[in-house]
Trainee: 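There's a structure below that I have some questions on.
Convention: sequence-line order gives letters A, B, ...; per-chain numbering from 1.
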Amino acid sequence: MSITVKNVSKRFGHFQALDRVSMEVPSGTLVALLGPSGSGKTTLLRVIAGLETPDDGTVLYQDQEVTSQSARDRNVGFVFQHYALFRHMTVFDNIGFGLSVRKWPKEKIAQRVNELLHLIRLEGLEGRYPNQLSGGQRQRVALARALAAQPKVLLLDEPFGALDAKVRIELREWLRRLHDEIHVTSIFVTHDQDEAFAVADRVVVLRDGRIEQMGPPTEVYEHPANAFVMDFLGQVNVFQGTASESGPQITGFSDVKGTPVKDFCSNTIYVRPFDLDIVHELNGQAGLAGKIIHITPAGGVVRVHLQDLHSTARVLVEMNFARLKEMGLTVGKQVGIVPKKARIFTPDYMI
Amino acid sequence: MKNNTRNALPGLSLSLGYSMTYLSLLVLIPLSACFLKTATLSWKEMGDVVWSQRTLSAYSLTFSSAFFAAVINMVLGFWVAWVLVRYEFPGKRLLDSLVDLPLALPTAVAGLVYSSLYVENGWFGRFLVPLGIEGAYSKFGIVWVLVFTGFPFVVRTVQPVLEEIEPEVEEAARIMGASRWQVFTRILFPMVFPALLTGFAQAFARGLGEYGSVVFVSSNIPFVSEMAPVLIVARLEEMAYAEATAIATVLLIASFTMLAMINVLEAWSKRRG
């Protein structure tokens with residue numbers, strides 16, 4: 001079932017949580033609402049769920065308007081960040097709760113709960129209480145509970161936020177596989193861009209109650225609509241410079257191959273850490289002279305923190321481990337930093 | 001491996017010793033004195049005192065009125081705690097501090113005020129007595145004044161537990177299709193129940209030992225409206241110290257057993273949460 005949000009606004013006192021937000025979630029997709037805290041992503045999710053009534057605008061499930069319908073009547077599954085399990089009930093009763101309040105017969109409840117226990121791989125733990133489970137197990141129970149009544153829509157509010165890094169990655173991959181199996185239209189909120197990109201079919205980036213950009217993860221990553229999105233999607237180096245129709249000119253870098261921009265009027269240039277490269281010597285090449293001050297491994301890549309000898313600004317370069325070894329880079333070494341690609345944004349999105 | 005008995009929290013022996021000393025001085029020694037004094041009676045003498053009609057009727061009055069008062073308090077206290085946690089209204093903080101008043105007020109004052117309100121020409125009594133409702137010098141009066149003295153306990157045990165329940169838990173239940181009533185009966189009430197039992201036990205225990213208010217509100221007629229604590233004082237005034245302590249000892253053992261039973265029940269209901 002598709003979900004349409006039209007011009008939704010929500011205000012809490014003086015705080016504008018949502019400001020005329022419109023978006024569409026095609027049926028059967030998994031969409032991530034991504035943004036920093038206070039960007040309105042959770043409020044948007046709660047409006048879609050019916051836990052919050054918008055001040056303005058409409059919410060449609062398929063073609064049916066549900067704006068004023070209560071959460072109870074919308075038949076959605078909702079997963080809360082801190083699980084919100086019923087601590088006085090067993091895993092079995094937690095999962096079956098929605099079915100028993102809907103007056104399902106006992107055998108059918110048992111059958112459905114067992115199906116779900118199999119799905120979340122917690123067979124044999126149905127008699128446990130939530131406080132006897134690990135964080136990951138609790139969140140899986142919360143998910144099974146949300147799926148119990150076969151909802152048309154599954155909504156997840158920072159579902160993995162309270163888990164440790166390893167479990168988080170396991171669980172998000174599991175969620176993706178689960179979604180591929182059951183194809184229920186799903187929206188999840190996160191502030192972690194890795195999580196959004198790893199799981200979602202589409203990413204919606206929010207800031208200050210407004211949508212900054214939406215699209216498939218690769219598109220959003222490759223073509224960020226503005227400086228905010230660029231910055232939010234990962235660490236970025238900020239340089240001063242100028243640009244012309246032919247491309248950006250970074251102070252210090254004499255010739256940078258970047259996307260040509262029209263109507264240029266900015267002097268801030270953004271370069272992703274892996275769009276920079278390190279060379280032993282500049283030898284007249286366009287680049288900055290820098291000194292390595294710190295090297296940190298991060299998954300498959302190595303982050304090299306450098307200091308620009310000229311302006312003392314910090315520069316971050318990402319490269320693969322093999323290349324770092326090959327070049328014999330160590331802390332304290334003086335090297336050249338050369339750009340591969342840079343981006344420029346207009347000043348109203350200056351960071 | 002030296003010092004492997006060291007604990008992250010130092011001072012166990014000191015603080016435990018300190019607590020045990022105080023517990024002994026304040027609770028154990030006076031209570032054992034009570035038992036020792038009782039032991040000066042022979043079994044037969046003790047049986048005569050404890051098993052006499054007058055004592056038995058005092059016990060049954062004490063236990064039944066403390067029990068009913070605690071039940072009423074369970075309902076009222078839950079209600080008040082609910083209102084205090086759930087709603088915002090002017091005067092909420094005043095109401096919140098009023099809850100503790102019965103603990104601060106000398107209970108004798110409560111007894112006096114209650115009896116003067118409910119006597120035939122009292123403010124309430126002038127309307128109630130013609131209807132056949134005797135507020136003062138009756139069982140009703142005793143229960144009522146015990147409700148007053150035990151009131152803070154249930155409120156103060158239930159309140160923090162209610163506050164602790166995250167709104168998400170209710171939202172989760174609602175979104176899964178539960179009606180408001182189902183949210184209350186299946187989610188909120190079971191979560192609060194252990195605390196409610198604790199409050200009940202405390203109010204009940206308070207009611208068993210209450211003297212100051214009861215002595216004023218009850219007519220203290222032997223066999224009819226004489227509470228066990230009042231009987232104990234009556235025996236003391238007759239210089240029958242051993243008899244007084246014998247009654248007290250039975251009261252003590254009975255209360256202890258009941259509290260222990262409530263604790264077991266509470267642990268059982270908590271284990272599930």
Side-chain angles (χ1 to χ4, degrees), chain A residues 42 45-46 48-52 69-104 109 127-132 138 141-151 153-158 162, chain B residues 74 77-78 81-82 85-90 92 154 157-201 262-273:
Chain A
T42 295
L45 192 79
R46 290 172 60 87
I48 293 169
L51 292 172
E52 221 67 81
Q69 216 175 58
S70 83
R72 195 180 161 216
D73 302 324
R74 291 193 194 189
N75 191 20
V76 296
F78 200 101
V79 177
F80 293 85
Q81 181 177 5
H82 298 288
Y83 328 124
L85 293 178
F86 307 133
R87 58 183 150 95
H88 61 289
M89 290 186 194
T90 59
V91 167
F92 186 98
D93 291 337
N94 263 285
I95 298 175
F97 182 81
L99 308 175
S100 91
V101 295
R102 289 192 173 99
K103 306 264 185 288
W104 280 36
I109 294 178
R128 297 262 186 105
Y129 287 93
N131 62 1
Q132 298 168 313
R138 285 181 208 184
V141 172
L143 204 76
R145 191 176 70 168
L147 289 171
Q150 277 149 336
V153 175
L154 180 62
L155 305 169
L156 307 102
D157 185 9
E158 305 233 4
Chain B
M74 204 155 73
F78 183 82
W82 179 268
V85 172
R86 290 281 163 150
Y87 306 105
E88 286 304 323
F89 52 91
K92 175 172 162 167
V154 175
T157 51
V158 167
Q159 203 176 6
V161 177
L162 265 182
E163 273 165 359
E164 231 178 60
I165 299 176
E166 311 123 317
E168 287 86 35
V169 170
E170 277 170 74
E171 284 177 350
R174 287 287 287 166
I175 218 164
M176 279 188 272
S179 65
R180 288 198 183 283
W181 178 243
Q182 281 171 323
V183 170
F184 180 79
T185 55
R186 302 192 47 176
I187 307 294
L188 297 176
F189 189 76
M191 284 175 113
V192 166
F193 187 66
L196 205 57
L197 266 185
T198 311
F200 172 82
I262 293 170
N263 270 328
V264 169
L265 190 63
E266 197 192 312
W268 170 80
S269 61
K270 230 182 214 161
R271 185 179 54 91
R272 316 182 324 142

Trainee: Atom CZ of residue position A:R102 - does it have more than 12 heavy atoms of other residues, nucleotides or ligands inside 6.0 Å?
Mentor: yes

Trainee: With A:L45, which of A:L156, A:L155, A:L51 fulfils side chain to side chain contact (heavy atoms under 4.5 Å, CB included)?
Mentor: A:L155

Trainee: With a 4.5 angstrom heavy-atom cut-off, which part of A:L85 approaches chain B: side chain, backbone, both or neither?
Mentor: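 For A:L85, the backbone is the part near chain B, not the side chain.
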
Trainee: Side chain, backbone, both or neither: which part of A:R46 has a non-hydrogen atom closer than 4.5 Å to chain B?
Mentor: side chain

Trainee: Given heavy-atom pairs under 4.5 angstrom as the criterion, report whether the side chain, backbone, both or neither of A:R145 touches chain B.
Mentor: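 Contact with chain B is through both the backbone and side chain of A:R145.
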
Trainee: Go through B:E170, B:M191, B:E166 and name the one with the most non-hydrogen pairs under 4.5 angstrom from chain A.
Mentor: B:M191

Trainee: On a heavy-atom basis, which atom in B:R174 and which in A:R72 lie closest, and how many Å separate them?
Mentor: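 Nearest pair, atom of B:R174 first, then A:R72: O-CG, 3.4 Å.
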
Trainee: Is it true that B:E88 and B:K92 make a salt bridge, defined as a side-chain N closer than 4.0 Å to a carboxylate O?
Mentor: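 Salt bridge between B:E88 and B:K92, a charged N being under 4.0 Å from a carboxylate O: yes.
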
